[in-house]
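Reading through the structure tokens given below for one structure.
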Amino acid sequence: MSKEWVRYPLGLILHPFNGFWDLKYDRDQKQSVILSFAILLLLSLTNILGRQYSGFLVNIYDSRYFNSVMEIVYVVVPVLFWCVANWSLTTLMDGEGKFVEIFTSTCLALTPLVLINFPWIWLSNLLSLQETTFYFFSTSAAVIWFVFLLFVGNMTVHQFSPLKTIGTILLTILAMGFIAFLCMLFFSLMQQIVAFITVIYQELAMRK
Amino acid sequence: MLKKIVTAKTSLLALLCCLLGLSAGADLAGAEGNGASYNYSYWGTAVNAPPAYMPTDLYRGEDMGSGALKDPSDLHVTADGQIYVLDSGNNRILKLNEEFKVQQIIDSFLLDGKQETFLNPQGLFVSGDKQLIVADTGHKRVVILDEKNELISVLEAPESELLSATFQFQPIRVVMDHAQRVYVMATGVFDGFMEFNAEGEFSSFIGANRVNVDPVDYFWKQISTKAQRSQMIMFTPTEFTNLDIDEEGFIYATNGDEWGQNIKKLNAQGSDILRRTGYYDPQGDLVYTSDIGPSRLIDIDVTDSEIYSVLDSKRGRVFTYSGDGHFMYVFGGIGNQLGEFNTPTAIDRLGDDFIVLDKALGEITRFRATEYGRTLNEAIRSYYRGDDEAAYEWFNKTIGLNANLEFAYAGIGKALVRQGDYNDAMKQFKRSMDQRNYSKAFLLYRKQVMREHFTLIMTTLAVLVIGWIVFRRYRKAVKRRGLTV
């Protein structure tokens with residue numbers, strides 16, 4: 001059982017078509033969801049540790065603005081936006097995927113980012129400036145791998161053709177932009193309402 | 001009674017508001033750097049720094065013994081401390097000693113037996129062998145006098161196919177190099193500086209600025225008709241605003257460019273060879289409000305060790321950079337106090353002091369280095385000489401006075417590398433955000449560690465490999481026994 005927890009994502013990233021098929025039709029959904037959350041957590045952890053402990057030559061950051069909570073947000077919010085946007089679009093476009101399946105396939109696709117970036121946090125401290133090429137090569141490889149897995153996962157989960165998947169992915173990115181815009185609108189409106197109410201309260205309180 | 005309390009409360013509130021406003025204002029001023037001393041960090045933000053130069057004296061024409069100056073526009077200090085001030089409004093040149101007392105007033109010279117005067121001259125330069133070069137703008141000529149104020153030659157509007165027929169020769173700034181070549185900055189010339197050879201003949205233009213085209217303007221120009229286009233402003237390169245020449249004959253020039261490089265170091269071919277290895281390119285103020293805009297540099301002065309200073313006419317500040325392009329210090333400002341100017345127009349160094357000429361007020365302000373300024377100057381100089389020991393000492397002292405000076409840590413780091421203390425050097429380079437040198441120190445450190453612990457590392461590796469082999473054999477044996485049993 002415990003071996004299975006590790007073996008499944010590792011198998012999935014090497015054999016994505018089989019892995020995502022299993023995810024959709026064969027596997028226990030509850031287990032996949034737990035696994036997904038674990039991967040999200042691990043990715044957040046990798047990013048936080050990477051920000052803090054990566055070698056100076058690959059990681060210049062302003063420590064005054066370092067915020068672990070924001071690092072988690074940078075992982076969780078895009079994934080959430082992606083899932084919501086993708087789900088909203090694919091329900092209209094005859095996709096077969098449920099929200100849970102979209103979520104788990106997306107999170108499992110993030111596995112290479114954890115697997116490759118985590119060891120590099122420490123290895124990058126042992127590099128000279130010329131050798132940082134290896135670092136940047138592997139991190140970009142991780143991103144490309146992730147994008148490929150995302151593509152395969154999306155295709156399998158919705159049972160789309162490759163071309164349709166690419167189209168959906170592009171539309172999803174557009175929809176993510178819309179969602180972000182709406183969120184900003186919503187928050188700024190809320191802020192103004194809250195400010196308005198506080199001002200009214202202050203006016204009333206200071207009348208005496 | 002109640003009313004009294006209410007008024008007391010409101011006044012208190014008003015006071016609080018004022019205080020809040022004050023603190024907010026102070027914050028803003030800090031970001032802009034309100035004429036007080038500051039430096040820019042690696043992150044491009046203004047950080048406080050101790051003043052490197054303090055105004056000490058103010059000299060007027062009356063103090064010098066020459067009568068009031070009228071619109072003076074340029075000054076020059078020779079190596080032996082003689083100060084030449086170009087009193088443009090009075091068409092004369094004052095030669096001052098180090099105490100700012102007039103030694104001589106030059107207002108005329110003999111040309112072909114006739115007494116000639118200047119007319120609204122705008123620029124002057126004194127060469128190493130005390131030749132005085134004056135840009136006699138009103139008379140459209142450049143006058144070169146020798147040490148005894150006798151005429152050597154006059155450069156007049158050149159005849160060349162490089163120049164248009166309607167060309168008006170209006171020289172405003174001049175310099176001369178060791179080979180007696182004269183470089184003239186003239187108004188309305190967009191092709192760079194005019195170079196005159198030792199015989200006084202115009203030879204070529206040097207160092208033209210590039211044309212900067214606003215994309216929006218370019219778009220409109222593309223879609224307009226020929227007739228419309230002829231009515232529009234032409235895209236011309238920015239004009240230079242000033243120039244100076246260093247000991248090796250390189251020309252340092254400033255221009256009014258708002259987007260491109262506004263400081264240049266030109267070699268004999270006219271290409272820009274200024275080293276820009278600081279955290280950002282030398283350009284005056286990095287952080288500015290959009291209503292005033294970026295710095296407009298109108299004078300440049302280069303001294304020993306490739307240290308150069310530029311004068312920003314918008315805010316009246318003098319910025320000094322090291323030869324590597326690190327921002328060293330700033331002082332000055334627009335205002336009415338000592339050390340602030342109305343219309344600053346020229347700067348120069350008198351030894352290690354700065355003198356700044358104010359055109360409208362006709363005054364010269366002298367700034368003397370504080371301990372911090374002296375220390376930093378010495379640190380940069382010893383580093384430039386390659387004297388690592390001294391640089392280490394001076395940079396350490398500088399850090400003691402201003403821990404925010406990031407590039408100074410790199411100076412310490414380099415000395416530490418020389419001493420073989422690689423690990424500490426790495427720490428210093430990290431502080432100064434210097435990845436290149438950090439990497440160099442790190443490579444040396446890695447080699448050192450590997451060499452020291454070679455036996456340990458190899459032993460561990462060997463033990464691990466042997467252990468793994470033994471473990472696999474053991475497991476196989478167990479499995480086999482399990483099968484047979």
Please indicate whether [X] has more than 12 foreign heavy atoms, meaning atoms of other residues, nucleotides or ligands, lying under 6.0 Å from its [atom1].
| X | atom1 | value |
| --- | --- | --- |
| A/W82 | CH2 | yes |
| B/R473 | CZ | no |
| A/F181 | CZ | no |
| A/F136 | CZ | yes |
| A/E203 | CD | no |
| A/F134 | CZ | no |

Exercise. Measuring from A/E131:CD to B/S439:OG, what's the distance to the nearest 0.5 Å?
Worked result: 7.5 Å
Problem set entry | Result of checking B/F429, B/Y438, B/F442 against A/F56 for ring-ring contact (aromatic ring centres under 6.0 Å, His included) |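 The single option meeting the ring-ring contact (aromatic ring centres under 6.0 Å, His included) with A/F56 is B/Y438.
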Closest heavy-atom pair and its distance - [X], [Y]:
| X | Y | value |
| --- | --- | --- |
| B/W43 | A/I60 | CH2-CG2, 3.6 Å |
| A/L57 | B/Q435 | O-NE2, 3.1 Å |
| B/R446 | A/S128 | NH1-N, 4.3 Å |

For this session: Answer with side chain, backbone, both or neither: which region of B/M426 has an atom nearer than 4.5 Å to a non-hydrogen atom of chain A?
Result: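 B/M426 has no heavy atom closer than 4.5 Å to chain A.
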For this session: Could you tell me which portion of B/N437 (side chain, backbone, both or neither) has an atom closer than 4.5 angstrom to a non-hydrogen atom of chain A?
Result: neither
Exercise. For A/Y65, is it the side chain, the backbone, both, or neither that has a heavy atom closer than 4.5 Å to a heavy atom of chain B?
Worked result: neither
